[in-house]
Asker: 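Please read through the structure below; I'll follow up with questions.
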Amino acid sequence: MRGLKTILFLTISNTFMTFAWYGHLKFKEYDWGKNLGLISVILISWGLAFFEYLFQVPANRAGFKADGGPFTLVQLKTIQEAITLTIFMIFTILFFKTEKLGWNHLVGFGLIVLAVFVIFKKW
């Protein structure tokens, strides 16, 4: 159950962080965002990042083996990176329709998913 909670919270966390890191690139397309200065954009991104941390920290605590969770530190980081790329791909497809994901992007993301397998495999 802690593993599922960890993955769910990491997914929510990464969704907020993706919007904090890249969502502001779409602000200029909306009337309210056309004249925002850099400081305003940074403050909005920080606000989103706050919510990212509300999920990231509990996810890592619940998932970390030393705190009773099922994952090692390396496994947690690998899961987080795989989730980040998944969320980023979905975000790109939904919000940045002019960006195209090519075969090389998909192969690269696939290699990262393969890294998850390698990290979790008991050798």
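Computed from a prediction, not measured in an experiment: that's the story for all the values here. Note: hydrogens, waters and symmetry copies are ignored here, and every other heavy atom, side chains too, is used.
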Asker: Checking F19 now: which residues fulfil ring pair (Phe, Tyr, Trp, His ring centres under 6.0 Å) with it, not counting sequence neighbours?
Answerer: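 Listed in chain order: F91, F95.
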Asker: Heavy-atom count around W103 CH2 within 6.0 Å, excluding the residue itself: above 12?
Answerer: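 It does not: W103 CH2 has 12 such atoms or fewer within range.
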Asker: Quick check on the 6.0 Å ring-centre criterion: do F88 and W21 meet it?
Answerer: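 Aromatic pair excluded; centres sit 6.0 Å or further apart.
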Asker: Hey, could you give me the CD1/OG1 distance between I90 and T11, rounded to the nearest 0.5 Å?
Answerer: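 Here the rounded value is 9.0 Å.
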Asker: Hey, is the main chain of Y53 close enough, under 3.5 Å, to the side chain of Q56 for a donor-acceptor pair?
Answerer: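 It does not hold such a pair.
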Asker: Evaluate the side-chain contact (heavy atoms from CB on, under 4.5 Å) criterion for residues Q75 and T72: first the C-alpha distance (whole Å), next the side-chain angles of each, then the deciding distance (0.1 Å), finally the verdict.
Answerer: CA-CA 5 Å; Q75 289 172 332; T72 67; 3.2 Å; yes
Asker: Are L106 and M89 close enough that some pair of their side-chain heavy atoms sits under 4.5 Å apart?
Answerer: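 A side-chain contact exists here, since the closest heavy-atom pair is under 4.5 Å.
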Asker: Does Y30 belong to the same Ile/Leu/Val/Met/Phe/Trp/Tyr cluster as V41, with side-chain heavy atoms less than 4.5 Å apart forming each link?
Answerer: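 Yes; V41 is reachable from Y30 via cluster members.
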Asker: Should we say atom CG of N35 is surrounded by more than 12 heavy atoms from elsewhere, each under 6.0 Å from it?
Answerer: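 At most 12 heavy atoms, drawn from other residues, nucleotides or ligands, come within 6.0 Å of this atom.
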Asker: Same hydrophobic cluster for L54 and L43, using side-chain heavy-atom links shorter than 4.5 Å among ILVMFWY?
Answerer: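 No, no single cluster joins them.
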Asker: Between P70 and K65, which heavy-atom pair has the shortest distance, and what is it?
Answerer: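 That would be O-CE, 3.7 Å.
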Asker: Could you tell me which non-hydrogen atom of H24 sits nearest to which non-hydrogen atom of S45, and how far apart they are?
Answerer: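 Minimum heavy-atom contact is CD2-OG, 3.9 Å.
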Asker: Rounded to the nearest 0.5 Å, what's the gap from CD1 on I12 to CZ on F51? Could you check?
Answerer: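 So the CD1 of I12 and the CZ of F51 are separated by 13.0 Å.
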Asker: Return yes if some donor-acceptor pair links the side-chain N/O of W46 with the main-chain N/O of A20 below 3.5 Å, else return no.
Answerer: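 No; zero donor-acceptor contacts below 3.5 Å.
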Asker: Is there a chain of hydrophobic side chains (I, L, V, M, F, W, Y, each step under 4.5 Å between heavy atoms) that links L114 to F109?
Answerer: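 In one cluster with L114: F109, no.
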Asker: Test of understanding: with side-chain hydrogen bond (donor to acceptor under 3.5 Å, both in side chains), list the residues that count as partners of K77, not counting sequence neighbours.
Answerer: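 side-chain hydrogen bond (donor to acceptor under 3.5 Å, both in side chains) check on K77 returns Q80, E81.
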Asker: Taking F9 as the starting point, is it possible to reach L4 by hopping between hydrophobic residues whose side chains are less than 4.5 Å apart?
Answerer: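 No, it is not one cluster - the side chains of L4 and F9 are not joined through contacts under 4.5 Å.
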Asker: Is F64 isolated, or which residues cluster with it under the ILVMFWY side-chain rule of less than 4.5 Å, directly or via members?
Answerer: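 ILVMFWY cluster around F64 also holds I7, L10, F71, L73, V74, L76, I79, I83, I87, V116, I119, F120.
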Asker: Passes side-chain contact (heavy atoms from CB on, under 4.5 Å), L36 versus I44? Steps please.
Answerer: CA-CA 10 Å; L36 287 176; I44 292 168; 3.9 Å; yes
Asker: Whether the side chain of R2 engages the backbone of G63 through a donor-acceptor N/O pair (distance < 3.5 Å, no angle test) should be reported.
Answerer: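 It does not hold such a pair.
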Asker: Run the numbers on F16 and F50 for side-chain contact (heavy atoms from CB on, under 4.5 Å), then give the verdict.
Answerer: CA-CA 9 Å; F16 278 110; F50 170 76; over 6 Å; no
Asker: Determine whether the side chains of S13 and E52 contain a donor N or O and an acceptor N or O closer than 3.5 Å.
Answerer: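 Indeed, the side chains of S13 and E52 share at least one donor-acceptor pair under 3.5 Å.
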Asker: State plainly whether one hydrophobic cluster holds both L48 and L94, where clusters connect Ile, Leu, Val, Met, Phe, Trp and Tyr through side-chain heavy atoms under 4.5 angstrom apart.
Answerer: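 L48 clusters together with L94.
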